[in-house]
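Step one of this worksheet: look at the structure below.
Chain identifiers are assigned alphabetically (A, B, ...) following the order of the sequence lines, protein sequences preceding nucleic acid strands; residue numbering begins at 1 within each chain.
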Amino acid sequence: MRIVKGLTALSALFFAGSVFAASPSAQMNALLDGLKKEAGVASFSAEEGKKLYNAKRVHSQKKEERSCTTCHTSNPAAPGKTPVGKVIEPLSQAANKERFTDPKKVEKWFKRNCEWVLERECTPKEKGDFITYMTTVK
Amino acid sequence: MKKIKVWDLPTRLFHWSFAAAFLSAFAASSREWFLDYHVLSGSIVLGLVAFRVVWGFSGNPNARFSSFVRGWSETKGFLSGLLRLSPARYPGHNPAVAWVILAMLLFASVLAATGIIVYSGEEMRGPFVGFFSFETAEKAGLIHSIAAYSFLAIAAVHVAAALLHDIIWKEGLIISMLTGSKAVEGVHDAPVVERPLLKKGAFAVLGAVTISAVLVVLPGHKDASGFTRTLLEDQGGLRALERNALYEEECGSCHNALSPTLLPARSWEKVMAGLGEHFGDDASLPEETSAEILKWLAASSADHAFSEPSKKMISSIGDKTPLRITEVSYWKRKHSDIGNDVFSRKGVSSRTNCAACHPGAPLGSFDDRDISIPRG
């Protein structure tokens with residue numbers, strides 16, 4: 001009897017666990033928690049994220065002004081375009097609910113785009129602020 | 001001099017439609033995206049040739065081959081008269097133009113036949129897809145161009161001669177092809193235009209129109225679809241490009257995913273091996289992902305593709321290993337008319353944005369009729 005109960009409890013836990021693992025918001029929360037620990041802060045600032053989004057910088061080799069808005073436009077709810085002409089769906093979660101649901105994808109694009117604009121990776125604080133801004137901006 | 005009826009209506013109609021159809025086919029050959037018009041005009045030319053051959057045996061006396069095609073000695077006599085600037089007069093076609101007519105009909109038939117082979121073997125269009133290989137079509141294409149310029153040369157001689165006759169000898173030839181009547185010296189058994197023959201003429205015209213129409217209407221014109229598609233698949237020819245979601249996700253975000261069918265597998269290997277430094281961008285991917293994408297790219301690469309552009313890219317690349325489609329000379333040649341200002345238009349942005357002008361690009365189709373250049 002006890003074994004059966006134990007097994008039920010275990011499978012319930014397992015089930016809950018798999019639901020937990022599959023939930024995008026839970027995955028994103030885990031990413032944000034990790035970033036908080038790395039950055040050593042208690043919370044992120046959407047205001048700072050907005051600043052990063054709009055900050056302009058001249059590329060040391062290309063000598064052209066680059067910014068997140070170069071491709072994503074100054075309105076995060078509007079579709080953007082890459083230099084090669086491919087349309088980019090809006091970045092803000094309010095306009096595009098698929099955004100910031102897949103940590104792997106988010107990390108991949110932070111790596112590429114921060115390198116492209118800032119010629120370095122973004123810090124955990126910058127990433128956290130940026131995600132907070134994009135998931136809250138209306 | 002008396003004006004008599006020398007050309008019947010079907011002959012006159014033939015004459016001007018033939019000239020118009022040939023000219024429009026020739027004009028439409030200058031641009032890939034006029035191919036539809038080129039093929040339409042070419043089909044009409046073929047129908048007209050068929051009519052003229054029938055009419056050459058059954059038409060009014062002056063329209064019959066037997067009445068104007070003469071042997072070498074008479075032709076020589078006429079030509080030497082012409083050189084002395086006093087050619088013999090003929091009420092109908094003179095012996096020289098007779099050979100011009102036969103040559104034009106011959107070259108037009110060669111043009112139509114080779115055109116059909118190119119259309120089916122290279123463009124994968126039309127009712128005869130699957131009957132001719134790409135290699136056959138390429139050879140036919142060469143003959144097609146030679147025949148076209150030969151035809152043009154003959155036509156130029158013909159027009160010059162007609163002008164000479166009209167300007168120097170005031171024969172009124174050109175106007176006679178419109179009105180049907182011509183002033184003829186001396187007494188000739190005036191060639192009659194018999195009424196019943198008009199009926200026969202109507203049948204011949206109808207036949208010709210049907211031939212043209214059938215060629216144009218037969219299935220297979222819009223895309224390699226329907227029965228032409230099954231025909232191709234039966235022969236193992238057609239490899240419709242299957243879209244690959246992983247490829248479009250990973251390689252279709254910075255630019256529209258490029259068609260794998262335009263580079264050989266060894267190029268794709270090189271592209272995938274250098275994703276960390278990808279044309280100034282970091283496009284790196286996890287090992288498993290890039291291996292899976294490369295597998296699909298290699299299987300869909302130009303080495304295995306069947307379409308005209310794939311074959312032409314391969315022969316243009318030779319044994320090089322280009323990283324870009326846009327650096328291959330075949331690509332450059334095809335786009336040499338397009339200025340930088342067009343590529344930098346807002347709707348295009350870059351040469352690499354194939355889909356801006358080729359909406360069929362994601363399916364591996366760069367078909368001539370599917371080209372639309374954004375205006376802004």
Side-chain angles (χ1 to χ4, degrees), chain A residues 24 27 31 57-76 78-92 95-123 126-127 134, chain B residues 245-259 271 274-290 292-293 323-327 331 335 338 340-359 361-362 372-376:
Chain A
Q27 280 193 32
L31 174 71
R57 183 177 177 282
V58 176
H59 193 274
S60 67
Q61 260 135 63
K62 300 278 157 108
K63 306 285 176 227
E64 61 185 15
E65 197 179 75
R66 290 181 170 186
S67 144
C68 304
T69 59
T70 310
C71 296
H72 295 295
T73 80
S74 54
N75 175 6
K81 212 171 77 175
T82 69
V84 197
K86 167 82 190 185
V87 171
I88 309 175
E89 296 296 320
L91 208 50
S92 80
N96 181 357
K97 58 183 187 321
E98 311 225 320
R99 289 295 183 207
F100 302 97
T101 53
D102 176 357
K104 274 205 201 114
K105 180 170 181 182
V106 172
E107 286 285 19
K108 179 176 78 189
W109 286 104
F110 268 134
K111 182 162 173 284
R112 285 178 182 164
N113 295 341
C114 293
E115 197 62 54
W116 199 84
V117 176
L118 307 169
E119 299 176 72
R120 61 168 174 83
E121 294 207 19
C122 284
T123 64
E126 283 170 327
K127 292 182 194 173
M134 284 299 163
Chain B
L246 182 65
Y247 178 67
E248 287 185 24
E249 164 77 21
E250 298 298 351
C251 305
S253 40
C254 296
H255 42 71
N256 283 299
L258 291 149
S259 172
V271 168
L275 287 180
E277 253 311 315
H278 181 73
F279 305 98
D281 276 25
D282 174 9
S284 51
L285 290 172
E287 195 61 49
E288 329 75 79
T289 317
S290 72
E292 199 178 329
I293 289 175
L323 280 175
R324 278 182 184 269
I325 296 168
T326 53
E327 76 186 39
W331 191 95
H335 299 82
I338 305 171
N340 280 331
D341 57 316
V342 176
F343 285 117
S344 53
R345 281 181 191 165
K346 263 179 87 181
V348 183
S349 299
S350 154
R351 284 174 166 69
T352 305
N353 196 9
C354 321
C357 306
H358 301 283
S372 69
I373 302 178
R375 289 178 185 282

- Query: In this structure, are over 12 heavy atoms from other groups packed under 6.0 Å from A:E98 atom CD?
  - Reply: no
- Would you indicate whether A:R120, at its atom CZ, is surrounded by more than 12 heavy atoms from other residues, nucleotides or ligands within a distance under 6.0 Å? yes
- Which heavy-atom pair separates A:P83 from B:S349 by the least distance, and what is that distance? O-CB, 3.6 Å
- Query: Hey, is the main chain of B:D282 close enough, under 3.5 Å, to the side chain of A:K111 for a donor-acceptor pair?
  - Reply: no
- Query: Can you find a heavy atom in the side chain of A:R112 that is under 4.5 Å from one in the side chain of B:H278?
  - Reply: no
- Do other residues, nucleotides or ligands put more than 12 heavy atoms under 6.0 Å from the CD atom of B:E287? no
- Task: Measure across A:V84 and B:T352 and return the closest heavy-atom pair with its distance rounded to 0.1 Å.
- Result: CG1-CB, 3.6 Å
- Note: B:C254 and A:K86 closest approach over all heavy atoms is O-CB, 3.5 Å
- Do B:P286 and A:K104 come close enough that some side-chain heavy atom pair is under 4.5 Å? no
